[in-house]
Student: 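Sharing a structure here in structure tokens format.
Please read all numbers here as calculations on a predicted model, not as lab measurements.
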Amino acid sequence: MSNKQTPSDFLKQIIGRPVVVKLNSGVDYRGVLACLDGYMNIALEQTEEYVNGQLKNKYGDAFIRGNNVLYISTQKRRG
């Protein structure tokens with residue numbers, strides 16, 4: 001019995017959850033995934049920008065163009 005999950009399935013499951021979005025430039029954005037489209041354009045809420053692991057800025061909402069995205073991963077909630 002195989003439990004295959006497509007990338008699209010994964011992305012649908014993580015909407016509303018904390019994520020890390022890594023850009024091609026090496027910058028990380030951490031926030032709550034609000035939505036995304038087929039081009040991987042991403043809307044984040046409660047966004048924090050990290051450069052070289054250091055917090056650089058905090059934003060309310062942020063929009064990231066899909067062609068800049070290296071990967072998206074889920075982020076463990078800070079407790």
Student: Roughly how far, to the nearest 0.5 Å, is CG of L70 from CE of M40?
Tutor: 10.0 Å
Student: Applying side chain to side chain contact (heavy atoms under 4.5 Å, CB included) to I72 and V20, what does each step give before you reach the verdict?
Tutor: CA-CA 6 Å; I72 302 173; V20 176; over 6 Å; no
Student: So do D28 and E49 actually touch side chain to side chain, heavy atoms under 4.5 Å?
Tutor: no
Student: For residues Y29 and E48, is any side-chain donor paired with an opposing acceptor at under 3.5 Å?
Tutor: no
Student: Work out which heavy atom in L55 is nearest to a heavy atom in N57; give both atom names and the distance.
Tutor: CD1-O, 3.6 Å
Student: Restricting to side-chain hydrogen bond (donor to acceptor under 3.5 Å, both in side chains), what partner residues turn up for T6, sequence neighbours left out?
Tutor: D9
Student: I need the L44 CG to Y59 OH distance, nearest 0.5 Å.
Tutor: 11.5 Å
Student: Just so I know, are the side chains of Q46 and K58 near enough to count as touching, which here means a heavy-atom distance under 4.5 Å?
Tutor: no
Student: Specify the closest pair of heavy atoms between V27 and Y50, including all atoms of both residues, with the distance to one decimal.
Tutor: CG1-O, 3.5 Å
Student: More than 12 heavy atoms of other residues, nucleotides or ligands under 6.0 Å from CG of N52: is that the case?
Tutor: no
Student: Can you tell me if D61 uses its side chain to pair, donor with acceptor, with the backbone of E45 under 3.5 Å?
Tutor: no
Student: Could you check whether atom CD of Q5 has more than 12 heavy atoms from other residues, nucleotides or ligands sitting under 6.0 Å from it?
Tutor: yes
Student: Give a yes or no on whether I14 and L23 share a hydrophobic cluster (residues Ile, Leu, Val, Met, Phe, Trp, Tyr; joining criterion: side-chain heavy atoms under 4.5 Å apart).
Tutor: yes
Student: Write down the atom of R17, the atom of T74, and the distance for their closest heavy-atom approach.
Tutor: NH2-CG2, 4.0 Å
Student: So, N67 side chain and N41 main chain: donor-acceptor pair closer than 3.5 Å or not?
Tutor: no
Student: Determine the sole option in V21, I15, I64, V19 for which the side chain to side chain contact (heavy atoms under 4.5 Å, CB included) test with L36 is passed.
Tutor: I15
